[in-house]
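As the structure is a prediction and not an experimental result, all values here were calculated from the model. Start at 1 and go down the list; that is how both ligands and their atoms are numbered. Heavy atoms only: backbone and side chains are in, while hydrogens, waters and symmetry mates are out.
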Amino acid sequence: MADKNTILTGIRPTGNLHLGHYFGAVGNWIKLQNEYNTFIEIADVQALTDNFNNPEKVRKNVRELALDLLACGIDPKKATLFVQSGIPEIAELTVYYSNLVTVARLQRNPTIKTEISQKKELFGNNGESLTYGFLGYPVSQAADITALGGTLIPVGDDQLPLIEQTREIVRKFNSIYGETLKEPEHFLSKIPRVKGLDGNEKMGKSLGNAIFLVDDDETITKKVMGAITDKNKIRKDDKANPDVCMVYYYHKLVSTENLDTICNECKEGKRGCINCKRELATNMINYLKPIKERRRYYENNISIVDEILKNGTKVVKCEAETTMKKVKKAMMIDYFE
Ligand code: TRP
């Protein structure tokens, strides 16, 4: 069974973090780091599976992601931040685990299926250009997870099929080579998916409906002014339904005071959208201020960031070496130990 005191999660370095990441995942990790031994992987190897033709993007975003995570409040004294490619044992485990998974099973994985269909320009209309690496990334993710010895994995529901795949690999490994690996358990974050400025169910970089943590005040204001409101409200004093309004939706995330007033005034037609948006922009800017300040500190001390990543990677490498020894012994390939 998983070690109940340790959590591991991962994130691909492919762009800056936005409010969806913050309220959907990272904000939760900030709390969890106080209660659990926390490991956060910057999954650059996984990012390369669908960005193999754009290594500059992945490289740049490793540091950007570290900056964003530290800015959000990931505390290097409490959590271990590490870079996936710095742990070659993960790649080594991937090779051995790949014998324990059928191609058909990977093709059936719902997360993979969805992603392949979203990446037609890379993998073709019918997946005819699908790479071995991308199809196999759940195996590599199983290696991420087991390298650290089986932990709780805080993830959103879209990741559940990947955790299940890991559990299957662990069971298969143990049944063939003897009890060696621990099964991880997932830990569903209760916070729902954060909606986009356009009312889309999901905020996403590629959807063009996101507010990024690095957006400057002017950009935030501009984006908020363009957020979708109740389309039946035309005049300032029209009564509206705050439940279909993105402005009210974000007020609920960042405006702790006056929420009832905002809601009631909107319903009663006593609140104009423009003012309501201005208020939201101000609150959002204030909400993000401490995040921006921490980011500035780390940007000005970038060697500290590099040191955090280097040290974290070293810690995880030690753990992964221990796992690797056990795995090789179990598989009878520990010839010269
Ligand atoms: N697949 C995850 C995502 O796209 C990232 C990830 C990589 C991960 N390794 C992990 C998540 C290990 C949890 C555990 O968001």
Side-chain angles (χ1 to χ4, degrees), residues 2-3 6-18 20-29 32-33 36-51 57-58 61-62 65-66 68-69 74 79-87 89-91 93-94 97 106 109-116 118-119 122 133-170 181-189 191 193-194 202-206 312-313 316 319-320 323:
D3 170 359
T6 305
I7 57 172
L8 162 72
T9 192
I11 182 158
R12 297 181 196 178
T14 50
N16 282 107
L17 297 184
H18 50 62
H21 296 113
Y22 185 80
F23 289 106
V26 183
N28 195 31
W29 304 346
L32 292 173
Q33 69 180 347
Y36 295 88
N37 199 1
T38 302
F39 291 87
I40 301 172
E41 178 188 80
I42 298 186
D44 61 339
V45 177
Q46 192 174 113
L48 282 164
T49 60
D50 59 342
N51 290 281
K57 172 176 161 191
V58 175
N61 281 306
V62 167
L65 184 54
D68 275 345
L69 289 169
I74 293 292
T80 306
L81 264 179
F82 69 103
V83 183
Q84 188 183 9
S85 61
I87 322 283
E89 287 77 8
I90 292 176
L93 289 170
T94 306
Y97 294 169
L106 289 167
N109 185 312
T111 308
I112 295 289
K113 254 168 114 168
T114 311
E115 282 180 284
I116 293 169
Q118 286 165 349
K119 294 172 198 292
L122 203 58
F134 189 82
L135 181 65
Y137 95 69
V139 184
S140 154
Q141 187 156 321
D144 294 345
I145 292 170
T146 51
L148 268 169
T151 64
L152 292 172
I153 317 290
V155 286
D157 51 1
D158 62 314
Q159 290 289 307
L160 287 182
L162 294 172
I163 311 299
E164 195 43 46
Q165 184 110 57
T166 301
R167 291 162 61 86
E168 282 177 31
I169 290 173
V170 168
L181 303 168
K182 282 191 216 161
E183 277 186 50
E185 280 166 46
H186 66 262
F187 195 84
L188 259 192
S189 124
I191 310 145
R193 213 164 258 181
V194 178
K202 193 179 170 195
M203 183 179 277
K205 188 175 101 164
S206 52
T313 305
V316 175
E319 291 273 332
T323 306

Identify the protein heavy atom lying closest to [atom], giving its residue, its atom name and the separation to 0.1 Å.
| atom | answer |
| --- | --- |
| atom 4 (O) of ligand 1 | Arg12 NE, 3.2 Å |
| atom 3 (C) of ligand 1 | Gln159 NE2, 3.5 Å |
| atom 7 (C) of ligand 1 | Gln46 NE2, 3.3 Å |
| atom 9 (N) of ligand 1 | Asp144 OD2, 2.8 Å |

When you compare the side chains of Gln141 and Gln46, does any donor N or O come within less than 3.5 Å of an acceptor on the partner?
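Yes - a donor-acceptor pair under 3.5 Å links their side chains.
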
Within the 3.5 Å criterion, strictly below it, is a donor on Tyr97 or Gln165 matched to an acceptor on the partner's side chain?
no

Check ligand 1 against [X] and write out every atom of the ligand that is under 4.0 Å from a heavy-atom position of the residue.
| X | value |
| --- | --- |
| Ile153 | 13 (C), 14 (C) |
| Ala43 | 7 (C) |
| Gly10 | 5 (C), 6 (C), 8 (C), 10 (C), 11 (C), 13 (C), 14 (C) |
| Glu41 | 7 (C), 9 (N) |

Which option, His21, Gln84, Gln141, owns the non-hydrogen atom nearest atom 10 (C) of ligand 1?
Gln141

Ile163 and Phe187, any side-chain heavy atoms less than 4.5 Å apart
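A side-chain contact is absent here, since even the closest heavy-atom pair is not under 4.5 Å.
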
Looking only at heavy atoms, which two atoms of Ala47 and Arg12 are closest? And how far apart?
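Scanning both residues, the minimum pair turns out to be CB-CB, 4.2 Å.
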
What is the minimum heavy-atom distance between Gly24 and Val194, and which atoms define it?
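Nearest heavy atoms, Gly24 then Val194: N-CG2, 4.1 Å.
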
State whether Phe23 and Arg193 meet the cation-pi test: NZ (Lys) or CZ (Arg) under 6.0 Å from the six-membered ring centroid, and within 45° of the perpendicular axis.
no

Residue pair Thr111, Asp158: steps toward the side-chain hydrogen bond (donor to acceptor under 3.5 Å, both in side chains) verdict:
CA-CA 6 Å; Thr111 308; Asp158 62 314; over 6 Å; no

